[in-house]
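Okay, structure first, notes after.
Here is how names work: the chains are called A, B, and so on, in the same order as the sequence lines, proteins then strands, and each is numbered from 1. Hydrogens, waters and symmetry mates play no part in the numbers below; they use all other heavy atoms, side chains included.
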Amino acid sequence: MKNHRKTPNPFIHQTRVWFPFVSPYDPCPPQRTKTYIVPPNQYLGFQPPNLPQFPPGEALLKGTLWPILYSPYTKTSEREGED
Amino acid sequence: MDRVEQFRHLRRIQEIDFVLVELNLYLDTHPDDLQALEQYNWLARQRAGLVSSYEQQYGPLTNFGHSLNRYPSGWDEGPWPWEM
């Protein structure tokens with residue numbers, strides 16, 4: 001996760017990383033990186049017409065009709081950048 | 001009993017219902033998008049066809065006047081759509 005600052009496409013790379021402060025007095029092993037998800041609708045604004053759509057079967061499974069808004073809230077362990 | 005066919009039929013209705021919900025929310029903010037409007041109407045007609053054919057084979061999906069009930073295999077018998 002070298003270039004985590006330059007996220008080229010926010011609709012695909014929805015994971016963001018931050019680095020908690022690690023104190024020498026931490027009782028437990030430190031968590032050096034924590035990740036969070038920024039959903040794509042934050043970058044879309046007013047939705048333009050005629051966006052590509054999922055087929056009905058897939059739309060039901062994925063929870064949205066529009067691929068651009070698809071945001072699978074993966075477990076923290078499965079996110080890139082989580083070590 | 002061809003439960004599998006019934007499930008497949010119900011699943012198709014659910015898929016179309018979800019797309020209709022999405023398009024409905026979209027049309028709330030984009031009433032002028034004629035293509036989405038046309039898609040919505042087309043899907044609504046398609047759903048009506050699917051629901052009527054489902055109800056002829058397997059019985060009412062809804063009540064309170066939204067579906068025709070019958071006897072036997074009306075809504076007094078199970079399984080109800082949400083139970084399957």
Side-chain angles (χ1 to χ4, degrees), chain A residues 1 3-18 20 31 33-83, chain B residues 2-63 66-67 79-84:
Chain A
M1 275 302 287
N3 58 352
H4 63 275
R5 297 229 180 285
K6 295 192 302 300
T7 49
N9 181 346
F11 295 101
I12 296 173
H13 305 289
Q14 302 173 14
T15 307
R16 303 289 185 275
V17 184
W18 62 286
Q31 281 202 321
T33 63
K34 288 185 75 65
T35 55
Y36 59 96
I37 300 281
V38 177
N41 60 347
Q42 302 298 316
Y43 296 92
L44 191 58
F46 193 75
Q47 184 173 337
N50 304 326
L51 283 176
Q53 294 183 1
F54 283 128
E58 203 175 341
L60 180 64
L61 291 177
K62 298 217 163 157
T64 177
L65 186 55
W66 287 283
I68 200 167
L69 294 176
Y70 177 56
S71 173
Y73 196 70
T74 53
K75 287 195 295 219
T76 45
S77 54
E78 290 162 5
R79 290 181 199 161
E80 40 169 298
E82 188 69 35
D83 53 18
Chain B
D2 53 356
R3 276 278 187 266
V4 175
E5 185 48 38
Q6 187 173 351
F7 287 143
R8 206 172 288 132
H9 204 149
L10 196 57
R11 175 62 176 237
R12 188 80 191 105
I13 293 172
Q14 284 173 336
E15 286 166 1
I16 292 191
D17 277 347
F18 180 76
V19 176
L20 282 168
V21 164
E22 288 277 296
L23 283 175
N24 189 326
L25 295 174
Y26 175 78
L27 287 171
D28 289 346
T29 50
H30 301 69
D32 54 351
D33 187 341
L34 298 184
Q35 195 175 3
L37 190 67
E38 189 191 326
Q39 182 185 2
Y40 178 89
N41 289 334
W42 182 77
L43 280 174
R45 285 190 203 96
Q46 197 182 7
R47 181 191 187 277
L50 273 172
V51 164
S52 64
S53 70
Y54 180 94
E55 287 184 345
Q56 269 154 18
Q57 292 171 27
Y58 307 108
L61 272 174
T62 50
N63 58 349
H66 297 290
S67 291
W80 291 320
W82 58 87
E83 278 179 331
M84 281 195 284

Atom [atom1] of [X] and atom [atom2] of [Y]: how far apart are they, to the nearest 0.5 Å?
| X | Y | atom1 | atom2 | value |
| --- | --- | --- | --- | --- |
| Y26(B) | L65(A) | OH | CG | 10.5 Å |
| F54(A) | E15(B) | CZ | CD | 13.5 Å |
| H30(B) | F46(A) | NE2 | CZ | 3.5 Å |
| D17(B) | L60(A) | CG | CG | 9.5 Å |

key: Side-chain donor-acceptor contact under 3.5 Å, Q39(B) with Q53(A)   =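 There is such a pair (donor and acceptor under 3.5 Å, judged by atom type) between the side chains of Q39(B) and Q53(A).
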
key: Nearest non-hydrogen partners of P49(A) and D33(B), listed with the distance   = CB-OD2, 3.4 Å

message = How about CD on Q35(B), more than 12 heavy atoms from neighbouring residues, nucleotides or ligands closer than 6.0 Å, or not?
response = no

ask   = Could you go step by step and tell me if Q47(A) and T29(B) meet the side chain to side chain contact (heavy atoms under 4.5 Å, CB included) rule?
value = CA-CA 9 Å; Q47(A) 184 173 337; T29(B) 50; over 6 Å; no

Neighbours of chain A found in residues 40-53 of chain B - heavy atoms under 4.5 Å =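 Not one residue of residues 40-53 of chain B has a heavy atom under 4.5 Å from chain A.
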
